[in-house]
Enquirer: 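Sharing a structure, written as structure tokens. Questions coming.
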Amino acid sequence: EVRPEQLSDGFEYVSLNVGTASAPTAVELIACFSDVINHFFTLKDDQGRACNRGAKRFLITCPTSWGGAPGIALSAGMMGGGVAGSVENALKGLISYRGWQVGLIQDPALTTDRFQVWRGDAAWNAVIRQEELSPEMRSLGAGSEYEFFNDKWAFGGKAVRALGFGRWQSAISAALS
């Protein structure tokens, strides 16, 4: 997990300091999402080379408690509240200009002041799904002792899986303050 104070060797993005961390506005999220996605392009490997030069696909996960603000931040062309009325959504412009594809998942399990951005087109993922035993179905059915005594059939399944860390440069977690 990368905290805002750890981004770029201790640099904190001002955009992550919002009015209410548990309920950011769409206008605030435009700057937050832009800064964190752009941060991917500053990450370097152990040889000092840029890791995410060709990144085009990203997935943002954030709490459902933020309501519609994240979706508005990603999709609205114009935002209200500017001095001259409406202002252009800078994040929407970046998405269009750079050819990014940005998806959104709102997850009720996430805390109220954090969001994550995952790179979706990396050769190495941030999290790797490991499978030791493929799913297999089991049943106690026709002719079994279980059916005889209970007048029922029983079904079950078994799989052995785990998650492991992959390439840390493919995910960023940010906390609003």
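All values derive from a computational prediction rather than experimental measurement.
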Enquirer: Considering only heavy atoms from C-beta outward, does the side chain of V102 approach that of I37 to under 4.5 Å?
Expert: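 V102 vs I37: side chains touch.
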Enquirer: Using side-chain heavy atoms (C-beta onward) and a distance below 4.5 Å, is D107 in contact with T64?
Expert: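 No; the side chains remain at least 4.5 Å from each other.
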Enquirer: Report the distance from atom OG of S96 to atom CG of L91, rounding to the nearest 0.5 Å.
Expert: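 Going from OG on S96 over to CG on L91, the span is 11.0 Å.
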Enquirer: Between Q106 and W66, does a side-chain contact (heavy atoms from CB on, under 4.5 Å) hold up when you go through it step by step?
Expert: CA-CA 8 Å; Q106 289 187 274; W66 289 2; 4.3 Å; yes
Enquirer: Ignoring hydrogens and angles, state whether a donor on the side chain of S177 or N17 is under 3.5 Å from an acceptor on the partner side chain.
Expert: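 Result is yes, a qualifying pair exists.
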Enquirer: Indicate yes or no: at least one non-hydrogen side-chain atom of D113 is less than 4.5 angstrom from one of S22.
Expert: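 Not in contact.
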Enquirer: Using distance alone, with no hydrogens and no angle criterion, decide if D35 and S15 have a side-chain donor and acceptor under 3.5 Å apart.
Expert: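 Side-chain D/A pair, D35 to S15: present.
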Enquirer: CH2 of W100 to CZ of R57: how many Å apart, nearest 0.5 Å?
Expert: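 So the CH2 of W100 and the CZ of R57 are separated by 15.0 Å.
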Enquirer: For P135 and A159, work out which heavy atoms get closest and say how close.
Expert: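 Result for this residue pair: CA-CB, 3.9 Å.
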Enquirer: Can you tell me how far apart CZ (F33) and CD1 (I60) are? Round to the nearest 0.5 Å.
Expert: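 Taking CZ in F33 and CD1 in I60, the distance rounds to 4.5 Å.
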Enquirer: Are V36 and Y97 connected in the hydrophobic side-chain network, where two residues link if heavy atoms are under 4.5 Å apart?
Expert: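 Not linked; separate clusters.
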Enquirer: Taking S34 for its side chain and I30 for its backbone only, find out whether a donor-acceptor pair lies under 3.5 Å.
Expert: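 Yes.
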Enquirer: Any chance you could lay out the side-chain contact (heavy atoms from CB on, under 4.5 Å) test for R138 and E136, step after step, and finish with the verdict?
Expert: CA-CA 7 Å; R138 300 176 181 175; E136 58 181 45; 3.2 Å; yes
Enquirer: Is there a path from F155 to L133 through hydrophobic residues (I, L, V, M, F, W, Y) whose side chains come within less than 4.5 Å of each other?
Expert: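 Hydrophobic grouping puts F155 apart from L133.
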Enquirer: Evaluate whether atom CD of E132 has more than 12 neighbouring non-hydrogen atoms of other residues, nucleotides or ligands under 6.0 angstrom away.
Expert: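 It does not: E132 CD has 12 such atoms or fewer within range.
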Enquirer: Ignoring hydrogens and angles, write down the donor-acceptor pairs under 3.5 Å from the side chains of residues 47-56, residues two or more places apart or on other chains.
Expert:
unit_1, atom_1, unit_2, atom_2, d
R49, NE, D45, OD2, 3.1
R49, NH2, D45, OD2, 3.1
N52, OD1, R119, NH1, 2.8
N52, ND2, F40, O, 3.0
N52, ND2, Q169, O, 3.1
K56, NZ, R98, O, 2.6

Enquirer: Treat each ILVMFWY residue as a node, draw an edge where side-chain heavy atoms are under 4.5 Å apart, and state whether L110 and V117 are in one component.
Expert: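 Shared cluster, no.
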Enquirer: Would you sort out whether I172 and Q116 count as a side-chain contact (heavy atoms from CB on, under 4.5 Å), showing the intermediate values?
Expert: CA-CA 6 Å; I172 296 174; Q116 292 81 35; over 6 Å; no
Enquirer: Going through the distances and angles, do L176 and F115 end up as a side-chain contact (heavy atoms from CB on, under 4.5 Å)?
Expert: CA-CA 8 Å; L176 302 179; F115 69 95; 3.9 Å; yes
Enquirer: Does any non-hydrogen side-chain atom of W153 lie less than 4.5 Å from one of Y146?
Expert: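 A side-chain contact under 4.5 Å is absent here.
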Enquirer: Can you name the closest pair of heavy atoms from A175 and R114 and give their distance?
Expert: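 Heavy atoms of A175 and R114 come nearest at CB-NH1, 3.6 Å.
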Enquirer: Would you say the ring centroid of W118 lies under 6.0 angstrom from that of F58?
Expert: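 No - the distance between ring centres of W118 and F58 does not fall below the 6.0 Å cut-off.
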Enquirer: Specify the closest pair of heavy atoms between P24 and V18, including all atoms of both residues, with the distance to one decimal.
Expert: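 Nearest pair, atom of P24 first, then V18: CB-CG2, 4.5 Å.
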Enquirer: Answer yes or no: are there more than 12 heavy-atom neighbours, outside F148 itself, under 6.0 Å from its atom CZ?
Expert: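 Not buried by this count: 12 neighbours or fewer within 6.0 Å.
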Enquirer: Between the main-chain N or O of A73 and the side-chain N or O of N89, is there a donor-acceptor pair closer than 3.5 Å?
Expert: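 Yes.
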Enquirer: Who passes side chain to side chain donor-acceptor pair (under 3.5 Å) against T25, sequence neighbours left out?
Expert: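 Once residues adjacent in sequence are excluded, the partners of T25 under the side chain to side chain donor-acceptor pair (under 3.5 Å) criterion are E28.
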Enquirer: Check this for me: E131, atom CD, are more than 12 non-hydrogen atoms of other residues, nucleotides or ligands nearer than 6.0 Å?
Expert: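 It does: E131 CD has more than 12 such atoms within range.
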Enquirer: Compare every heavy atom of T112 with every heavy atom of P63, then report the nearest pair and how far apart it is.
Expert: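 It is CG-CA, 4.0 Å.
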Enquirer: Of the non-hydrogen atoms in G141 and S144, which two are nearest, and what is the gap between them?
Expert: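 Taking G141 first and S144 second, the nearest heavy atoms are O-OG, 2.8 Å.
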